[in-house]
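A short write-up of the structure that comes next.
Labels below follow one simple rule: chain letters A, B, ... track the order of the sequence lines, proteins then strands, and each chain is numbered from 1. The analysis underlying the following values was restricted to heavy atoms, covering all of them including side chains, and did not include hydrogens, waters or symmetry mates.
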Amino acid sequence: LVCWTAMVAAYARNGYVFQAKHLFDEMPERNVFTWTLMLSVYSENDCVDETKSMFDEMPERNLVSYNAMISVYASSGHLQQAKEMFDHLPERNLVSWTSMITAYSVYSDVNQSKETFDAMPEQNLVSWNALLSTYAQNPGYFESAKLIFENMPQRNQISWNAMLLACADNGFLKDGERIFSQMPERTLVTWTTMVLAYARNGHIQSAKTMFGAMSQHSLVTWTAMLAAYADNGLLEDARQTFLKMPEKNLVTWTSMLTVYAHNGYLEEAAQVFDHMPERDLVSWNAILTVNAMHNQFEQSQCIFYSMPAQDTGTWNIMLALYTRNGHIWKAKKLFDQIPDKSLVSWTPMLAAYSRNGHTQKALIMAETMKLLDMAD
RNA sequence: CAACACCAAGUCGUCGUA
């Protein structure tokens, strides 16, 4: 049994999700270890619902399996579910606590993230890194990130990379270059981050040079370079990169679709969508966005109704389309149908009302939000 | 002897950048 599980793990580590699943199905017997392993394999695809049903199917669970589930909730922004599970745990360990730091960070609640860190019975390098990432990934906390980075008890490769990303995202290119040169060692992640640092700060030439200087490339680095060109409006370079790539996945295809879309090539974007080997919610939202932004009303509605799944992003796109075209009642109808409304659903509706001169309704809405304790 | 937490790529909202 140990051998089988190790093999499933080996497949999963190398990206052979399908083979891992196959092996899992073929195993003569399974235990908590195996089930939890499969949980984490699935969770890498961000399919929260599927992961949850797998979790529910498990014949037995231990702290590790609960932690795995909390981690999925955390990284996908399902703070409520993560917190609820965490609160009901009979016992918690470092891993459980660190996942909650991440959960708050993804939910943009920087203060709670820090409070969780402070509330932990003990901290290790990983939890310090998690806190550092909270500051690195939420805008406006660059100074805090720097402070943590300089004062943490130890640093590893991940700490350096996280700090580099913070520089890149906050426009501190010079600091980023300094971090890059000071690092004890550099990984593929480091190089990719540096490519992004240049690209996002308007130095596409340097980004390209950096990309060329890398000793190896992966699917992610190629796609990052594609996105870099896209960010800088270089359609032709993006297209060439796309054609040159040795392999492509959903992210690559969707990036290319978006490049066309941002440059006004509706037709080409649609073609990319049609040729994609597979689609997920993000790619559906992307094609919906293209049509909505060009006010292709019928086409947008058609896509909207034929989508296999929808999320708050989808509804926001449609809300924006409806209100831009003066269909405020359609917007309202859609809004009323949204389950589990959160801040991200209320905000566009509120904006829609005020933009269309329905000041009174906007005010009522704002009041309602206040009553529901969602805004201040 | 095997499973869980921290770093890089895609869509939407809010906020910034003009």
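Protein atom CZ of A/Phe304 is 15 Å distant from nucleotide atom C1' of B/U11, rounded to whole Å. Note: CG (A/Leu321) to C1' (B/U11) measures 16 Å, nearest angstrom. In this entry the distance linking CD of A/Gln310 with P of B/C12 reads 17 Å, nearest Å. Residue A/Ile303 contributes atom CD1, which lies 14 Å from atom C1' of B/C12 at whole-angstrom precision. For the pair A/Ile338 CD1 and B/G13 P, the computed distance is 14 Å after rounding to whole Å. As a whole-Å value, the separation of A/Leu350 CG from B/U14 P is 11 Å.
Nearest heavy-atom pair, A/Met100 versus A/Lys83, reported as atom, atom and distance to 0.1 Å: CE-CA, 3.7 Å.
Between atom CH2 of residue A/Trp284 and atom OG1 of residue A/Thr314 there is a gap of 11.0 Å, rounded to the nearest 0.5 Å.
Looking at A/Glu84 and A/Gln80, their side chains never bring a donor and an acceptor atom within 3.5 Å of each other. Side chain to side chain, A/Gln123 and A/Trp128 fail the donor-acceptor criterion of an N or O pair below 3.5 Å. With no hydrogens or angles considered, no side-chain donor-acceptor pair links A/Ser105 and A/Gln112 at under 3.5 Å.
Ion pairing between a basic and an acidic side chain is recognised when a charged N comes within 4.0 Å of a carboxylate O; A/Asp175 and A/Arg178 show such pairing.
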Nucleic acid footprint by protein, nucleotides 3-10 of chain B - heavy-atom cut-off 4.0 Å, B for base, S for sugar-phosphate alone
BBBBBBBB
